[in-house]
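Some notes on the structure that comes next.
Residue numbers start from 1 in every chain, and the chains themselves are labelled A, B, ... in the order their sequence lines are given, proteins ahead of strands. All values reported here derive from a predicted model rather than from experimental measurement.
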Protein chains: 2
Amino acid sequence: MPRDTLTRDQIVQTAIELLDADGLEGLNMRSLGKRLDSAATAVYWHVKSKDNLVVLAGDQVWDEIELPDPAAVGWRAAATSMATDLYAMLTRHPWLVQALASHLFHGPAKARHDDHSLAVYETAGFAGAEADQAAATVFMFVLGNALGESATAALTRRLSRDGGDAEGVIRDTMARATEVAMRFPRLRARIEAAPVADYGAAPDNSFAFGLRAILDGLEARLAARRVGRDAR
Amino acid sequence: MPRDTLTRDQIVQTAIELLDADGLEGLNMRSLGKRLDSAATAVYWHVKSKDNLVVLAGDQVWDEIELPDPAAVGWRAAATSMATDLYAMLTRHPWLVQALASHLFHGPAKARHDDHSLAVYETAGFAGAEADQAAATVFMFVLGNALGESATAALTRRLSRDGGDAEGVIRDTMARATEVAMRFPRLRARIEAAPVADYGAAPDNSFAFGLRAILDGLEARLAARRVGRDAR
DNA sequence: GCCTTGACTTGAACATTGTGCAAGTAGCGA
DNA sequence: TCGCTACTTGCACAATGTTCAAGTCAAGGC
């Protein structure tokens, strides 16, 4: 019987679980070791550093995104599906957004996603650099949305970790935020219109609204180009 | 002569300088203390914790953004100006993006910005929740773009801190990234078209392209609504 | 002019965490 | 059985956030 030995995949998998549960600063080598039934430093045989591990984990999760066939469902449906899937993935793994802000990711799983994203916008009719820019536009929008999500996830994690008076802290945070907002006319109006504000998230349906608007804008650009070409 | 004593503003100001220079993980209480000519722990009299300090610093910088008058320059120019200014600000302070991913910000300076942003989109013709959603769309897009910027800033900082073979590491990183990308047809085509790729940033002009597309999309929505109303 | 009070400052600690290193151990081929 | 390679372990150190008791300075009342 072979000694059961750690594998890199196993480590990355466990790291993802830990990251999902405790966030980026919740992951530490000692608890990772405990979860793997090994010494903390055993991990260093398989992985260069904690940063390296996070990058590995942060590539892995891109494989969770489905790649719809734009030829089958239409480019717009495909783009919407990919954006929505990506948003969901980033919401499942809020630590990834934090990691994206401090590390460069160039792993194969992300490359697979990026390549397909390009395919979708090329199917739509964008060529060369424009496909790139169109894809980047939607991508950046999704990233921004996920960033807000990541912050609230971090807050609730901090609260549940510090235990105790989570409700109180939230109420306090909201009260403080509301007090500041009330000094500005439009923010005040918004609060008075919807008094049950969440603590700082994006407005309802903002993601769907924004995505539609962006795709509309891209579609208009395509149409304009087509007209230009037809008139030639 | 009064003893010269620390002030909260002075601390926040110095923290911002340090954050700009060394990034979020480069800021530590001891070097902050040294820069302030005081003991590291003196700061704790004025500020609850490091997190708290970062939130304070992270609100301050929103005041750097100019607020154009949409009635004077037109809503679209105003929106473009605010988005561009915000992007520039986030690029000047890349740590803020990281902070945004892990903390909620509800300070007065950000509120001032948000309120004016709403004003711009209300001037454009969006009412109530729609103004909110339109503003959020552009905001999220800018945030996403800044996130990429933040990651490359963090990399170059890490490189210059670790000193030594920065060029080598960059070349190495790029080589590795390229090697992965070459396995995917569209990424490969992109690389072959523009062999002097930067290490993972957004495509050229992507920000301007995307912003235009988004504003086009929003404008179309306004026009559609206006037509609907006129037809009534 | 002294003294009390409260606003700050300091230095010494402690806990947590990433990581290097030398020594150990298990399995496998010879 | 020997030894080699692939891993694992425990110890240790350095960096860093934070606490706390003790100090120090300035201003106001007497």
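Within the nucleic acid shown, L36(B) has no heavy atom closer than 4.0 Å to any nucleic acid atom. Residue L53(B) is classed as having no contact, given no heavy-atom separation below 4.0 Å to the nucleic acid.
Put simply, the side chain of T41(B) and the base of dG11(C) share a donor and an acceptor less than 3.5 Å apart.
Residue-environment remark: CZ (R8(B)) stays at or below the threshold of 12 foreign heavy atoms within 6.0 Å.
Comparing K48(B) and W45(A), the nucleotide of DNA chain D nearest to each residue sits closer to the 5' end for W45(A).
Per the geometry, CG belonging to D22(B) stands 10 Å off P belonging to dT16(D), to the nearest Å. If you measure from atom CG of D51(B) to atom P of dT18(D), you get 7 Å, rounded to the nearest angstrom. Following rounding to the nearest Å, N28(A) (CG) and dA15(D) (C1') show an atom-to-atom distance of 16 Å. If you measure from atom OH of Y44(B) to atom P of dA22(D), you get 21 Å, rounded to the nearest angstrom. Nucleotide dT9(C) holds its P atom 12 Å from the CG atom of D37(B), rounded to whole Å. Atom NZ in K50(A) sits about 9 Å away from atom P in dT17(C), given to the nearest Å. Taking atom CD on E25(A) and atom P on dA15(D), their separation rounds to 22 Å, with Å as the unit. Look at CE on M29(A): it is 10 Å from C1' on dT17(C), rounded to the nearest Å.
Checking F141(A), F207(A), F139(A) one by one against Y87(A), the ring-ring contact (aromatic ring centres under 6.0 Å, His included) holds for a single residue, F207(A).
For H46(B), counting side-chain heavy atoms from C-beta on, the closest listed nucleotide (dT9(C), dT19(C), dG17(D)) is dT9(C).
By the 4.0 Å N-to-carboxylate-O rule, E25(A) lies close enough to R157(A) to be salt-bridged with it.
Between the R30(A) side chain and the A40(A) main chain, no donor and acceptor come within less than 3.5 Å of each other.
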